[in-house]
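Working notes, structure below.
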Amino acid sequence: MKNATLLRVLRRLALGALMTCFGSALAAPAPVPVADFFRWPALNSPRLSPDGTRLAMIVAGPEGRQVLAVAAVDTPTKPVGIAHLTDADVRSFAWVNARRLVFDVIAFQAPLGEQWGAGLYAIDADGGDFKWLVGRGRSEESGGHAAVRPLRWNHRLAAVLRDGSDDVVVERRNLDNTVAQDRGSLSPMRLNTRTRGVTRLVRDEPRNAGLWAYDHAGQPRAAIAVEDRKATLLWRPAEDKPWEAVTRYDIYDPEAAAMEPLAVDHDGLLVRAVRSDAAGTYALVRYDTERKAAAAEPLLGIEGFDFAGKLLLDRGSGRLLGASYASDAMGVAWFDPAMRAVQDRIDKLLTGTANVFACDDCGRQRRFVVTSWSDRQPPVYFLFDREGQGAKALTLIGASRPWIDDRRMAEQDFVRIPSRDGHSIPAYLTRPQGRVPWPTVVLVHGGPWVRGASWGWTSASQFLASRGYLVVEPEFRGSQGYGHRWFLKGLKQWGLAMQDDVTDATRWAIDQGLADAKRIAIAGASYGGYATMMGLVKEPGLYRAGINWVGVTDIDLMYTVDWSDLDDEWQRYGMPAMIGDRSKDREQLDRTSPLKRAAEIIRPVLMAYGGMDRRVPLPHGTEMRDALRKAGKVEVEWIEYPDEGHGFLLERNRVDFWSRVERFLARHLE
């Protein structure tokens, strides 16, 4: 047996009965059903207990709810549900100790506009001693005895202690402070998950502090405090020492690259900071708090990509063993030779996939949970036994989406595309099966100051590819993840150079013989919806149709709609620097407004919005729709989901939306 086939064989043998249920659908020539791409996973996030005897995981439970379940390591495919709420789904969880877990929730059967806080709950691994720790909304905070009432919804889980106690660290977002500048700061506290007793961890809390970094014992040792636009990185050498200012920068000066505290290991402070390479990429760096300078060489830097991963610390010593990262794909860099050897063994067994494992007590731990995925395969979970031999070291736990047949999915590639002004545009291509050139969807990510994609299976791109479309996802300038200098090139470039990057990526796909020049659509959500509308304005000969969901259509509306969640400080300082000043840049903002240029759009557009969206409020959609209809030049298909917010959470709404997308594209890219 070749190693490349091991994953498929293990998966199909263990899931034979379940796959039989879907066999007729998978074997049929008809397209994979829309719902199969947008259903919630059947299995998610299995994790070993600290003593290595049990696995906790999120599974599909009764009535379609996501529940918390536990299985013995000897029988990982036989989990037993221990926590299932009638009005909510388990969203994420963590082991507190070998006996107890905490979890938060979301209501997948309610629209996004009806969601409250995630709450926090605790339960024993056998289902006993259930406690409600943090409320999910304001309406739940009245009534009942104060001793049994949960903490207010503005508390969140920050860290799990590694001391064997029943305690966790939570952070309280301060909403009621009389000093305006202290509102929104975070106060770290130790919370007992059985008694619900709370103890403040910092008595001399710096004013307006947040973004705390903890040592391996759960003590706050570093923080960012923000006041009058200035961010100060603070450091405490020991619990009985005063706080020291390490560095300061202006949070609204985009060129003042942030330095973010990540953790404190037994050698000191670890930060994320920009290094002096050509791209100005962020790296994992050790900071010398005595010299007040970052080390000359980073602990982990990835050429052409920013470090934005999780640190892996040994539970007992607090020693840094490794860190996850994202280049074109996710991975883990192990600094510890023993852990690197474990990774090498796993990678030899599971070839052609990205394989990530984490550990708690790494040096003494025998088993590890492995998450394995590829561009064509959603995550599959294994238990790896370091004492096992060959393929027998791996035991299948389960597949996140067992109904997806990876043989019917599309391949994804990472490329760099030349821009018209001599730069390199990172991009992801998801290639459908069949012969080139393909009808194409240029999918523009939201944000815009985020990373849009990484190598791996995603529902939207795979769905579109399953319908025969090449999917081009450009990481236009302003995107994060590819160096601070690429981010800076996007300043005040909405509708200008940022848009040109999307156009250049589209034309490159045509020139490469991949995209059919006569059958190209542009699509995206949020900022991607803005880029869709501007693409239709600027390139009527390039795009045959556009799909905009929850998209910005006019920058002025971002300043003036009074029920947006964009706060006054961001509008006063952030937006003028990053998007454009309403006075100084008036001509540019008018020129880059799809709403003001609606009469120039001559291609059909599908628009979908949530009635309770506070990030991009509904007028962005309704005013654009009305302007297009008034101009009378294009077909406008309008969808409003009244109770959804900035995105569509209800499964039936997601399936409805993408079904409409399928029909819309079929009509206009024939």
| Would you say the side-chain atoms of Ser659 pair up with the backbone N or O of Val655, donor to acceptor, closer than 3.5 Å? | yes
| field | Flag if over 12 foreign heavy atoms under 6.0 Å of CD, Gln512 | value | yes
| remark: Ala427 and Ile417 have their tightest heavy-atom pair at CB-CD1, 3.7 Å
| Salt bridge or not for Lys630 and Asp626, using N-O below 4.0 Å? | no
| Nearest-0.5 Å distance that lies between atom NZ in Lys492 and atom OG1 in Thr592 | 11.5 Å
| query | Is the centre of the Tyr527 ring less than 6.0 Å from the centre of the Phe476 ring? | reply | yes
| request: Would you check if the side chain of Thr430 reaches a backbone N or O of Gln462 as a donor-acceptor pair within less than 3.5 Å? | output: no
| request: Taking Arg544 for its side chain and Lys518 for its backbone only, find out whether a donor-acceptor pair lies under 3.5 Å. | output: yes
| field | Least distance between heavy atoms, Ala283 atom then Gly301 atom | value | CB-CA, 4.1 Å
| remark: Between Pro31 and Arg408 the two heavy atoms that sit nearest each other are CA-NH2, 4.1 Å
| Quick one: does NZ or CZ of Arg136 land under 6.0 Å from the six-membered ring centre of Trp153, within 45 degrees of the ring axis? | no
| What's the verdict on side chain to side chain donor-acceptor pair (under 3.5 Å) for Asp306 and Thr281, showing C-alpha distance, side-chain angles and the deciding distance? | CA-CA 5 Å; Asp306 290 324; Thr281 54; 5.0 Å; no
| query | Thinking salt bridges, do Asp590 and Arg586 make one under a 4.0 Å N-O criterion? | reply | yes
| Are Trp494 and Tyr530 near enough that their ring centres are under 6.0 Å apart? | yes
| said: Main chain of His620, side chain of Thr622: is a donor-acceptor contact present, judged purely on distance under 3.5 Å? | reply: no
| remark: Tyr543 meets the ring pair (Phe, Tyr, Trp, His ring centres under 6.0 Å) criterion, sequence neighbours left out, with none
| Is there a donor-acceptor pair under 3.5 Å between the side chain of Gln493 and the backbone N or O of Ala497? | yes
| task | Could you walk me through whether Thr458 and Ser461 pass side chain to side chain donor-acceptor pair (under 3.5 Å), step by step? | result | CA-CA 6 Å; Thr458 57; Ser461 59; 2.4 Å; yes
| Side-chain donor/acceptor of Asp375 to backbone N/O of Trp457, under 3.5 Å | no
| message | Using side-chain heavy atoms (C-beta onward) and a distance below 4.5 Å, is Leu628 in contact with Met607? | response | yes
| Are Asp613 and Leu618 side-chain neighbours, meaning at least one heavy-atom pair lies under 4.5 Å? | no
| Does NZ or CZ of Arg39 come closer than 6.0 Å to the centre of the six-membered ring of Trp403, within 45° of the ring's axis? | yes
| request: Could you tell me whether a side-chain N or O of Asp504 sits under 3.5 Å from a main-chain N or O of Arg420, the two making a donor and an acceptor? | output: yes
| task | Check whether any side-chain heavy atom of Asp554 sits under 4.5 Å from a side-chain heavy atom of Glu623, and report yes or no. | result | no
| said: For Ala329 versus Trp455, what's the shortest heavy-atom pair and its separation? | reply: CB-CB, 3.7 Å
| Electrostatic pair Lys584-Asp581, nearest N-O below 4.0 angstrom | no
| said: Under the criterion side-chain contact (heavy atoms from CB on, under 4.5 Å), I'd like the reasoning laid out for Phe414 against Arg416: C-alpha separation, chi angles, the key distance, then a yes or no. | reply: CA-CA 7 Å; Phe414 175 76; Arg416 289 189 179 268; 4.0 Å; yes
| said: With a 4.0 Å cut-off on N to O distance, would you call Lys596 and Asp556 a salt bridge? | reply: yes
| request: Would you check if Trp570 and Met575 make a side-chain contact, meaning some heavy-atom pair closer than 4.5 Å? | output: yes
| task | Take Ser92 and Asp104 through the side chain to side chain donor-acceptor pair (under 3.5 Å) test and state the conclusion after the steps. | result | CA-CA 6 Å; Ser92 64; Asp104 64 10; 2.7 Å; yes
| salt_bridge(Glu637, Arg660) N-O dist < 4.0 Å | yes
| Tell me, do Pro594 and Met624 make a side-chain contact under 4.5 Å, heavy atoms counted? | yes
| Hey, are Arg275 and Asp277 close enough for a salt bridge, meaning a charged N less than 4.0 Å from a carboxylate O? | yes
| query | Between Glu473 (side chain) and Val444 (backbone), is there a donor-acceptor pair under 3.5 Å? | reply | no
| query | So do the side chains of Trp449 and Met578 get within less than 4.5 Å of each other, counting heavy atoms only? | reply | yes
| By ring pair (Phe, Tyr, Trp, His ring centres under 6.0 Å), which residues pair with Tyr559, not counting sequence neighbours? | none
| message | Tell me if the centroids of the rings in Tyr282 and Tyr482 come within less than 6.0 Å of each other. | response | no
| message | Between Glu171 and Arg156, does any side-chain N to carboxylate O distance fall below 4.0 Å? | response | yes
| field | Side-chain (Gln571) to main-chain (Met558) donor-acceptor, under 3.5 angstrom | value | yes
| message | Working note: Asn44 + Gln66, criterion side chain to side chain donor-acceptor pair (under 3.5 Å); need CA distance, chi angles, decisive distance, verdict. | response | CA-CA 9 Å; Asn44 201 358; Gln66 300 278 294; 5.5 Å; no
| task | Output yes when Lys538 and Asp500 qualify as a salt bridge under the 4.0 Å nitrogen-oxygen rule, no when they do not. | result | yes
| request: Decide ring-ring contact (aromatic ring centres under 6.0 Å, His included) for Phe463 and Phe38; before the verdict, give the C-alpha distance in whole Å, the side-chain angles of both, and the deciding distance to 0.1 Å. | output: CA-CA 9 Å; Phe463 167 69; Phe38 300 100; 5.7 Å; yes
| task | Decide side-chain contact (heavy atoms from CB on, under 4.5 Å) for Asp406 and Ser374; before the verdict, give the C-alpha distance in whole Å, the side-chain angles of both, and the deciding distance to 0.1 Å. | result | CA-CA 9 Å; Asp406 54 359; Ser374 74; 5.9 Å; no
| request: Mind jotting down which residue pairs meet the side chain to side chain donor-acceptor pair (under 3.5 Å) criterion with at least one end in residues 599-609? Sequence neighbours excluded, please. | output: Asn548-Tyr609, Arg597-Glu600
| said: Is there a ring-ring contact (aromatic ring centres under 6.0 Å, His included) between Trp658 and Phe37? Walk through the geometry before answering. | reply: CA-CA 10 Å; Trp658 287 101; Phe37 293 93; 9.6 Å; no
| request: Return yes if some donor-acceptor pair links the side-chain N/O of His668 with the main-chain N/O of Ala545 below 3.5 Å, else return no. | output: no
| request: Could you check if a side-chain atom of Leu470 sits within less than 4.5 angstrom of a side-chain atom of Val472, using non-hydrogen atoms only? | output: yes
| request: Report the residues that fulfil side chain to side chain donor-acceptor pair (under 3.5 Å) with Asp250, sequence neighbours left out, ordered by chain and then residue number. | output: Arg229
| query | Can you list the residues that meet the ring pair (Phe, Tyr, Trp, His ring centres under 6.0 Å) rule with Trp508, with sequence neighbours excluded? | reply | none
| field | Phe307: partners by ring pair (Phe, Tyr, Trp, His ring centres under 6.0 Å), with sequence neighbours left out | value | none
| request: Could you please spell out the steps behind the ring-ring contact (aromatic ring centres under 6.0 Å, His included) verdict for Trp549 and Phe657? | output: CA-CA 9 Å; Trp549 65 107; Phe657 170 70; 5.1 Å; yes
| task | May I ask you to test the Ile510-Ile520 pair for a side-chain heavy-atom distance under 4.5 Å? | result | yes
| Any salt bridge between Glu539 and Arg507, counting N to O under 4.0 Å? | yes
| message | What I want to find out is whether Arg582 reaches Asp585 closely enough, with some N-O distance under 4.0 Å, to be called a salt bridge. | response | no
